[in-house]
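First the proteins, then the strands, lettered A, B, ... as listed; each starts at 1.
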Protein chains: 2
Amino acid sequence: MSVGIRHDDLRRRNRAMVISAVRRAGQPSRTEIAATTGLSHSTISAISSDLIQEGILAESKSSETVSMKRGRPQVGLSLNPQAAAVLAVVLSLNFLSVAVIDYAGQVVAEEQRRLDTLTMSRDELIGECVAIVRRRLEDPDLDVQSVARIALAIQGITDSHARALLWSPITPQTNIAFADILEREFGIPAIMENDCNMMAVALRWRDPHRYRDDFIAILLSHGIGMGLVLKGELFTGTHSSGGEFGHMIHRPGGALCRCGRRGCVEAYAGNYAIWRNARQLSENAEPVADVSDAEMRALADRAREMDGPEREAYRKAGEALGFGLGSLFALIDPAPVAMVGASAAAFDLIEPALREAIAQTAGGQHSGSISFDTEPNELPLIREGCAMRALSFVDQEIFAPGAQGKPGTTRRDVA
Amino acid sequence: MSVGIRHDDLRRRNRAMVISAVRRAGQPSRTEIAATTGLSHSTISAISSDLIQEGILAESKSSETVSMKRGRPQVGLSLNPQAAAVLAVVLSLNFLSVAVIDYAGQVVAEEQRRLDTLTMSRDELIGECVAIVRRRLEDPDLDVQSVARIALAIQGITDSHARALLWSPITPQTNIAFADILEREFGIPAIMENDCNMMAVALRWRDPHRYRDDFIAILLSHGIGMGLVLKGELFTGTHSSGGEFGHMIHRPGGALCRCGRRGCVEAYAGNYAIWRNARQLSENAEPVADVSDAEMRALADRAREMDGPEREAYRKAGEALGFGLGSLFALIDPAPVAMVGASAAAFDLIEPALREAIAQTAGGQHSGSISFDTEPNELPLIREGCAMRALSFVDQEIFAPGAQGKPGTTRRDVA
DNA sequence: ATTATTTATTCCGAGGCTCGAAAAAAGTCG
DNA sequence: CGACTTTTTTCGAGCCTCGGAATAAATAAT
């Protein structure tokens with residue numbers, strides 16, 4: 001079962017801890033690191049001097065930080081941007097984007113492309129992804145050797161090993177082993193991640209104070225997605241990628257969902273559901289493939305203007321989300337919620353019904369204290385999470401590896 | 001944030017690992033332990049000789065294990081029963097029980113008592129619990145000094161620190177800090193646990209093969225409770241004790257639940273709900289306080305006999321449980337389920353509707369493969385889980401303590 | 001009965017790691 | 001310019017785990 005701790009693990013873990021302390025804090029001094037990790041100054045000194053020698057960390061020439069304090073000034077440690085690089089690929093409905101990010105987390109190059117994901121064949125879809133990655137890797141400004149990882153975020157269900165896309169609403173294709181394909185093509189370790197999980201990762205990085213140990217990121221878009229962090233860790237299902245919040249059952253036997261079942265939260269709160277209700281179509285009407293953001297904005301404007309079917313559609317969406325959240329909170333206890341995506345801009349229309357619904361549930365006992373944040377733009381968030389995920393992997397698996405394989409040569413020893 | 005690993009932690013963790021290996025395996029040899037933990041023979045030898053000297057482990061005189069193998073025979077290590085003892089107290093509806101368990105996990109004494117929990121005052125309730133514990137501790141056969149922990153399992157919501165009962169269906173009283181009360185009274189560390197969580201712990205001990213990393217224990221009783229193990233760990237809410245599966249919303253605005261809200265799973269599947277539906281009372285009828293097991297058995301018999309309101313009541317219960325499980329599975333992926341409690345004996349009546357409902361949900365994609373186990377007797381399970389929980393605590397916190405406090409004196413240094 | 005073989009356990013020296021204390025370094029303040 | 005303060009490095013001590021050799025305890029073979 002669980003394995004004993006060997007002596008060499010110790011150094012490995014403490015190395016990883018120092019690296020992650022630097023990544024979190026930006027430019028901490030050795031003394032600061034000692035304080036946050038609880039390790040002694042001697043240990044930090046030894047580890048950081050190793051890391052500097054290996055080119056992973058660098059002493060930032062404190063520059064014009066006129067400390068105005070007595071005593072020897074602290075010298076900040078920072079991540080060496082050239083230590084490695086990662087690629088963050090985001091594939092969403094009709095849109096593909098890739099960014100090259102250096103080890104310090106800065107975007108050094110990017111490329112975006114529109115494509116018609118719903119109608120593309122399997123090979124076209126894979127081909128586009130491979131091609132866009134290849135173009136970035138062929139950039140003469142980039143040292144290909146330093147690229148340590150490719151992370152691909154996609155809307156849909158991935159398997160538990162973060163290797164394959166099992167199902168996605170953005171394409172009729174299923175079971176695409178993207179991670180293996182990219183790995184084989186470029187010889188660089190690759191992972192697949194769920195977009196909502198990446199949103200959650202990014203939120204945590206952006207505002208660790210608010211999004212610390214337990215919180216929820218909900219994507220309000222054509223479909224409804226969720227990223228969940230519990231006890232400081234991304235919660236993913238055991239077999240597949242993540243909590244399918246959108247497919248919790250809101251009303252048994254209720255409205256027709258895009259997934260073919262009935263009564264899912266998404267069948268009331270997804271864009272297509274709001275659109276369907278606003279047009280006063282039957283709940284059994286086949287979900288439309290796509291509703292443009294402009295059209296949704298128009299719907300929201302009309303709902304704000306007058307009390308009609310549009311407003312009622314948003315009310316129903318709020319109710320579904322509220323009961324869904326209530327059931328979720330019955331299981332995990334209330335936590336801060338971030339509403340992300342285009343429809344988050346219409347959260348003012350959703351919130352009243354949502355709060356009313358949640359107050360009727362077990363999780364709603366403290367419904368007043370549950371706070372909602374909105375962020376209409378999901379793409380930057382997804383990319384950011386993707387990048388951080390990949391960089392954390394480099395931190396832990398490559399620069400603080402286990403028994404076999406010393407660091408130095410950046411990736412060949414892992415691939 | 002996360003703290004670095006010190007040098008002394010290493011020994012502590014490996015000690016804990018050896019102890020837990022012995023607890024799991026029963027009578028493993030040093031060689032076996034080395035194999036399961038991945039530590040070297042030398043290390044295991046050193047640690048186990050320490051543990052034997054401290055009286056925590058003992059070499060079991062292999063006795064008549066005629067190994068018939070060549071080579072030096074293995075000598076089994078076992079837990080020294082006298083190393084410590086724990087008390088497992090279980091408080092449920094109208095029933096209080098306590099068991100004294102030695103360090104090896106054997107029950108050495110027990111006592112049970114009927115009492116009318118629903119009508120007792122706060123002081124009476126506390127008084128009974130304190131009194132029954134005191135009687136066990138005054139047993140001349142018991143070395144009080146060796147009692148290292150009291151664990152109290154109760155049906156209801158406990159706080160996240162396992163110290164207080166926040167709310168329980170078995171008593172109108174709320175906010176009873178049982179753990180603190182017992183600790184103050186006897187000077188022995190105490191914890192409070194949720195009964196369903198303890199069922200899950202016990203199931204895992206009884207059948208680690210079936211109930212390994214992810215599974216669900218559902219208590220079908222007057223109310224509906226759940227114990228959830230995810231990734232090998234008991235999943236408890238972050239603020240309170242556990243997932244309130246029974247209070248997920250099955251039908252918004254539906255049947256009246258004991259908790260005062262509407263449409264909870266429990267309002268369809270709890271004993272009182274089945275009873276209410278079987279009598280064809282309104283869904284708004286006030287839940288009755290208690291339905292005897294005999295009465296429920298009669299209901300089940302009638303349901304089996306003929307297609308009438310009784311059968312329909314069980315069907316509704318199955319439907320509610322099925323949709324609830326489906327929503328749960330949408331979040332955490334399907335896992336084996338154990339149905340525990342008196343109504344588990346009527347699972348034949350519940351199962352068809354349950355499977356039908358679950359098949360209509362996102363989690364039901366592999367509904368055929370979801371397996372259910374039944375166990376009509378919850379009490380032994382709860383007690384067993386309680387005992388194992390307390391013993392694991394002794395293993396880890398007392399016999400493999402952190403920096404301060406060497407073991408030997410069994411508990412004073414912790415209290 | 002005695003020796004060879006096999007397997008389990010212990011002993012011992014080597015190598016690593018972290019720690020605390022002391023020393024060195026690099027500033028500010030008067 | 002020297003005193004003071006704070007950060008960082010250096011150094012020896014103390015643990016811990018590991019691998020290999022030695023020892024122990026049984027069975028199989030002679």
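Side-chain atoms of A:Arg72 and base atoms of D:dT7 include a donor and an acceptor less than 3.5 Å apart.
For the pair B:Asn14 and D:dT17, the criterion of a side-chain N or O lying under 4.0 Å from OP1 or OP2 is met. A sub-4.0 Å separation between OP1 or OP2 of C:dG16 and a side-chain N or O of A:Arg11 is absent. Proximity of A:Arg30 to the phosphate of D:dT9: a side-chain N or O atom is located under 4.0 Å from OP1 or OP2.
Ion pairing of B:Asp50 with B:Arg11 is present here, as a side-chain N (NZ or NE/NH1/NH2) and a carboxylate O approach within less than 4.0 Å. Classification of A:Arg23 and A:Asp395 as a salt-bridged pair holds, one side-chain N sitting under 4.0 Å from a carboxylate O. Between B:Glu384 and B:Arg389 there is no salt bridge, since none of the side-chain N atoms of the basic residue sits less than 4.0 Å from a carboxylate O of the acidic one. For the pair B:Lys231 and A:Glu233, the salt-bridge criterion is not met [side-chain N within less than 4.0 Å of a carboxylate O].
Residue pairs meeting the ring-ring contact (aromatic ring centres under 6.0 Å, His included) criterion with at least one member in residues 29-52 of chain A: none, sequence neighbours excluded. Every pair passing ring-ring contact (aromatic ring centres under 6.0 Å, His included) that includes a residue from residues 3-33 of chain A is listed here, sequence neighbours excluded: A:His7-B:His7.
Distances from the side chain of A:Ser29 to the nucleotides C:dT18, D:dT8, C:dT5 place D:dT8 closest. The side chain of B:His7 lies closest to D:dC16 when the candidates are D:dT8, C:dT9, D:dC16. The listed nucleotides are D:dT5, D:dT9, C:dT9; the one nearest the side chain of A:Arg70 is D:dT5. Across C:dC19, C:dT18, C:dT9, the shortest atom-to-atom separation from the side chain of A:Ser42 is found for C:dC19. The side chain of B:Ser40 has D:dG19 as its nearest neighbour among C:dT5, C:dC17, D:dG19.
Atom CE of B:Met17 is separated from atom P of D:dC16 by 16 Å (rounded to the nearest Å). In this structure, CZ of B:Arg6 is placed 6 Å from P of C:dC19, rounded to the nearest angstrom. Rounded to whole Å, atom P of C:dC17 lies 10 Å from atom CZ of A:Arg15. Whole-Å rounding puts the A:Gln74 CD to D:dT7 P distance at 5 Å. Distance A:Ile52 CD1 to D:dT9 P: 7 Å, rounded to the nearest Å. Nucleotide D:dC15 holds its P atom 16 Å from the CG atom of B:Asp9, rounded to whole Å. Going from atom CZ of A:Arg13 over to atom P of D:dT17 covers 13 Å, rounded to whole Å. D:dT7 atom P lies 13 Å from atom CG of A:Leu77, rounded to whole Å.
Remark: A:Arg149 qualifies as a cation-pi partner of A:Phe393 under the 6.0 Å distance and 45° angle criteria applied to the six-membered ring.
Annotation: of the two residues near DNA chain D, A:Ile5 and A:Glu32, the 5′-most nearest-nucleotide partner is A:Glu32.
Note on B:Thr31: only backbone sugar-phosphate atoms sit closer than 4.0 angstrom, heavy atoms only; bases stay farther off.
Contacts between residues 43-51 of chain B and DNA chain D, counted as heavy-atom distances below 4.0 Å, involve B:Thr43.
Of all heavy-atom pairs between B:Ala200 and B:Leu234, the closest is CB-CD1, 4.1 Å.
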